[in-house]
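Start at 1 with the first residue, then count along the sequence.
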Amino acid sequence: MSRLIVISNRVSVPKAAGAAGAQGGLAVALNSALREHRGIWFGWSGQETEEFTGHLDMQRNNGVTTATIDLEPQDIDEYYNGYANRTLWPLFHYRIDLTEYDRNFGEGYERVNARFADSVGPLIEPDDLVWVHDYHLLPLGSMLRQKGVKNRMGLFLHTPWPPARLLVSLPFHERLVSSMLEYDVIGFQTEEWLGSFLHYVDKELGLDVNEDGTIDYNGRTIVARAFPIGVDYKEFVEGSHSTEAKDAYEHLKASVRGRKVLIGVDRLDYSKGLGERFESFNRFLADNPDRAGEVVLLQIAPPSRGDVASYQQIREDLERKTGHINGAHADVAFVPIRYVNRGYPRRQLAGFYRAADIGLVTPLRDGMNLVAKEYVAAQDPEDPGVLILSQFAGAALQLTDALLVNPHSIEHVSETIKRALEMPLAERRERHEKLLASVRDEDVVHWRDEFVKALFGDEDDDVIR
């Protein structure tokens with residue numbers, strides 16, 4: 001049986017089942033595959049070293065082998081904070097106004113990808129399958145090919161892929177995309193992002209794209225497909241019935257004293273549309289003064305990428321909006337927005353989701369958005385909450401029975417909040433039943449198996465189970 005070599009920017013060290021802060025569904029699914037296939041998870045340790053040595057820290061935890069390297073401060077600044085998070089991330093989320101083009105960023109990005117290739121290359125055995133993840137490592141496959149690696153290799157992009165008219169603003173975009181064509185399988189979250197990629201390959205690179213979406217390139221055929229990612233449904237549902245989840249549920253319910261709860265859980269990022277979400281909630285409160293004291297928005301937003309100026313600005317803007325809205329609508333015993341800058345273990349989140357009457361998931365652009373699926377999985381089917389979901393999230397293509405909104409339209413979101421609060425129980429149940437079927441049937445294990453099946457090519461009998 002072939003081993004699976006997973007490569008990503010960061011490595012998720014497996015934790016024992018039920019451990020506090022246990023990792024999300026993606027890590028659970030990949031760790032399960034790695035255990036079954038004697039695989040290795042390789043990536044950056046998250047630590048700095050004064051001088052890069054290529055030293056590998058090999059560990060084995062709960063049946064999974066991890067291999068990590070440390071990076072120099074310049075590497076982190078140029079590759080991670082720079083090209084990955086100040087160039088590719090905003091560009092891939094259609095924020096060309098925030099995209100920074102800096103030659104040093106590009107050089108650092110290629111240097112670190114080369115260091116990844118140098119370090120992981122010797123670990124790859126002839127029959128291994130190599131699975132690379134996300135925008136941090138787009139050219140890694142090409143660099144491994146240059147080192148003589150002939151293995152089947154796949155890339156999965158967790159973010160959107162921008163339209164060609166935006167991507168061409170990236171210096172050396174042809175070289176970057178051409179390097180991606182050294183993979184055997186390229187996966188995207190949705191048909192929309194896949195279509196944008198194939199359009200670029202056709203119009204900008206002049207390559208033949210076949211009717212089945214495969215690409216002919218240098219005598220090879222590359223498979224490009226949509227593989228919508230899901231949550232670990234079984235694990236999340238079990239977690240939602242845990243003591244930690246029940247305690248979180250009771251604590252939130254008691255604290256709001258009978259008020260309706262809207263919940264948002266997002267990393268602090270401009271792609272999540274948090275400012276627009278707060279403005280929409282403010283509009284709802286202003287337009288419905290009779291209900292203003294009956295609803296609470298709980299926004300959980302752990303900080304991220306604090307070294308990037310645009311993220312510091314987001315935090316300042318949200319704190320200012322929170323103060324303004326609470327000042328306008330609060331009284332001595334009540335504030336309408338609870339804005340929390342910290343993360344919570346998944347089981348506690350499951351309890352918060354279950355206690356919330358509305359899941360408010362309104363990113364401006366998102367590759368998938370698993371919070372939407374987690375919210376659905378956590379609901380009580382007898383009395384489920386309502387999911388309000390951005391039409392620009394990848395999940396909207398699957399979760400069509402959510403209330404889909406344009407997050408740029410403050411009025412639309414405000415009106416949809418009112419509709420959700422007034423939705424009859426029968427309609428809530430009917431919508432939830434259909435949403436739950438999608439979340440359950442297209443979970444993270446299904447996603448993993450489908451991608452690995454494509455990576456195996458014709459060896460379907462060896463797919464990870």
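Of the possible polar contacts, one joining the K373 side chain to the I229 backbone as a donor-acceptor pair under 3.5 Å is found. With hydrogens and angles ignored, the 3.5 Å screen pairs no side-chain donor or acceptor of W89 with any backbone N or O of F92. A donor-acceptor contact shorter than 3.5 Å is absent between the side chain of W41 and the backbone of V64. A donor-acceptor distance shorter than 3.5 angstrom exists from the side chain of R220 to the backbone of E182, with no hydrogens or angles considered. For D443 (side chain) and V231 (main-chain N/O), no donor-acceptor pair under 3.5 Å exists by modelled atom type. Checking side-chain atoms of Y270 against main-chain N and O of Q313 turns up no donor-acceptor pair under 3.5 Å. Judged purely by atom type and a 3.5 angstrom limit, N151 uses its side chain to pair as donor or acceptor with the backbone of D128.
Under the salt bridge (Lys or Arg N to Asp or Glu O under 4.0 Å) criterion, E110 pairs with R175, not counting sequence neighbours. Every residue meeting the salt bridge (Lys or Arg N to Asp or Glu O under 4.0 Å) condition with R95, not counting sequence neighbours, appears here in chain and number order: D97. Every residue meeting the salt bridge (Lys or Arg N to Asp or Glu O under 4.0 Å) condition with R428, not counting sequence neighbours, appears here in chain and number order: D383. Qualifying side-chain contact (heavy atoms from CB on, under 4.5 Å) partners for D102, counting only residues two or more places apart in sequence or in other chains: N104, F105. With sequence neighbours excluded, no residue forms a side chain to side chain donor-acceptor pair (under 3.5 Å) with R354. Listed by chain and number, the residues in a salt bridge (Lys or Arg N to Asp or Glu O under 4.0 Å) with E191 amount to none (sequence neighbours excluded). Under the side-chain contact (heavy atoms from CB on, under 4.5 Å) criterion, A402 pairs with L387, L389, L404, L435, not counting sequence neighbours. With sequence neighbours excluded, the residues satisfying side chain to side chain donor-acceptor pair (under 3.5 Å) with R60 are T65. Among residues two or more places apart in sequence or in another chain, the ring-ring contact (aromatic ring centres under 6.0 Å, His included) test is passed with Y83 by Y109.
Counted by atom type alone, D70 and S45 present one or more donor-acceptor pairs between their side chains at under 3.5 Å.
Residues P407 and R277 form no side-chain contact, since every pair of their non-hydrogen atoms from C-beta on lies 4.5 Å or further apart. Counting only heavy atoms from C-beta outward, the side chains of Q398 and M368 approach each other to under 4.5 Å.
Applying the side chain to side chain donor-acceptor pair (under 3.5 Å) test between Y79 and each of N113, N85, N9 identifies N9 as the sole match. Partner of I186 under the side chain to side chain contact (heavy atoms under 4.5 Å, CB included) criterion, out of I222, V201, L198: I222 alone. If you run side chain to side chain contact (heavy atoms under 4.5 Å, CB included) between Q299 and each of L262, I263, D266, V265, only D266 comes through.
A perpendicular orientation is assigned to the rings of F278 and Y339, their planes being inclined by more than 60° (bins at 30° and 60°). Ring orientation note: the planes of H136 and Y80 are close to parallel, at an angle under 30° on the 30°/60° scale.
Under the ring-ring contact (aromatic ring centres under 6.0 Å, His included) criterion, the residue pairs touching residues 203-229 are F227-F451, with sequence neighbours excluded.
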Which pairs of donor and acceptor atoms, one on a side chain in residues 155-172, lie under 3.5 Å apart (sequence neighbours left out)?
from : atom 1 : to   : atom 2 : distance (Å)
H158 : NE2    : H133 : ND1    : 3.0
S169 : OG     : Y101 : OH     : 2.7
S169 : OG     : L166 : O      : 2.6

Identify all side-chain donor-acceptor contacts of residues 48-56 below 3.5 Å with residues at least two apart in sequence or on another chain.
from : atom 1 : to  : atom 2 : distance (Å)
T49  : OG1    : E51 : O      : 3.3
T53  : OG1    : H55 : N      : 3.2

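Relative to the ring axis of Y311, R315 does not place its NZ or CZ within 45° and under 6.0 Å from the centre.
Residue R103 qualifies as open at atom CZ: its count of foreign heavy atoms under 6.0 Å is 12 or below. Heavy-atom neighbours of E433 CD from other residues, nucleotides or ligands within 6.0 Å: at or below the threshold of 12.
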